[in-house]
Amino acid sequence: MINAFFVMLEFFVAYYSRVPGHMHTLQYLFFGLEHGGHTYNNLVPMMWGFVVLTLTGFTLLAIPLYPSQRLLAGHGGSGALFLGLWLDKGIGFVLGGFVPTPAGRESSSTLRP
């Protein structure tokens with residue numbers, strides 16, 4: 001949940017300070033960027049998956065359940081938080097940091113096996 005808090009702080013800092021490099025990266029990750037008639041939005045579903053998995057995992061771990069359901073909810077919540085963190089830091093942090101490029105151009109990031 002600390003990660004979700006820091007993502008919210010990232011949004012606040014980027015949009016409050018109006019630094020284009022920070023704003024464009026967050027726009028690309030969560031909403032898609034349009035440049036030159038082309039929309040760059042390859043990572044948008046993964047970042048919204050991060051949001052859904054993080055909220056689901058936190059909800060499963062925070063809501064008190066019957067003793068028979070705690071083990072399943074604990075495993076499911078921990079797994080959801082782990083996958084959400086992996087999507088955010090593994091994919092969003094690495095690939096999203098390259099959009100826009102230091103030269104100010106957008107490039108599409110693709111995931112290949």
Side-chain angles (χ1 to χ4, degrees):
M1 208 55 206
I2 293 172
N3 182 44
F5 175 70
F6 281 123
V7 169
M8 289 186 283
L9 285 178
E10 245 180 284
F11 268 97
F12 175 76
V13 168
Y15 286 96
Y16 184 75
S17 65
R18 302 253 185 228
V19 175
H22 294 290
M23 289 173 52
H24 290 159
T25 300
L26 289 174
Q27 284 175 348
Y28 170 68
L29 287 174
F30 284 94
F31 309 109
L33 256 179
E34 186 174 338
H35 181 71
H38 188 270
T39 302
Y40 299 93
N41 60 358
N42 296 344
L43 300 179
V44 172
M46 288 173 230
M47 294 311 293
W48 283 105
F50 146 71
V51 171
V52 169
L53 284 169
T54 300
L55 291 176
T56 302
F58 180 71
T59 302
L60 284 174
L61 293 175
I63 294 176
L65 299 171
Y66 295 111
S68 63
Q69 298 171 335
R70 284 188 187 146
L71 186 64
L72 181 63
H75 290 311
S78 298
L81 284 175
F82 177 79
L83 286 175
L85 189 65
W86 176 75
L87 283 174
D88 178 41
K89 296 301 172 199
I91 294 175
F93 182 69
V94 173
L95 295 179
F98 296 115
V99 177
T101 63
R105 291 176 285 189
E106 284 78 18
S107 63
S108 75
S109 299
T110 57
L111 297 175
R112 296 185 183 133

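Phe82 and Leu72 fall into different hydrophobic clusters, defined by Ile, Leu, Val, Met, Phe, Trp and Tyr side-chain heavy atoms under 4.5 Å apart, directly or through other members. Tyr15 and Phe6 fall into different hydrophobic clusters, where Ile, Leu, Val, Met, Phe, Trp and Tyr residues are linked whenever their side-chain heavy atoms come under 4.5 Å apart, directly or through other members.
Minimum interatomic distance between Met23 and Arg18 (heavy atoms only, all atoms of both residues): SD-CA, 3.5 Å.
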Donor-acceptor contacts under 3.5 Å from residues 46-65 side chains, at least two apart:
unit_1 : atom_1 : unit_2 : atom_2 : d
Trp48  : NE1    : Phe30  : O      : 2.6
Thr54  : OG1    : Phe50  : O      : 2.8
Thr56  : OG1    : Val52  : O      : 2.7
Thr59  : OG1    : Leu55  : O      : 2.7

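Here CG of Leu33 is found 8.0 Å from OG1 of Thr25. Values are rounded to the nearest 0.5 Å.
Side-chain atoms of Leu81 and Leu85, non-hydrogen and from C-beta on, never get closer than 4.5 Å to each other. Using a 4.5 Å heavy-atom cutoff, the side chains of Phe31 and Leu26 are not in contact.
Residue Leu9 places its CG atom among more than 12 non-hydrogen atoms of other residues, nucleotides or ligands, all under 6.0 Å distant.
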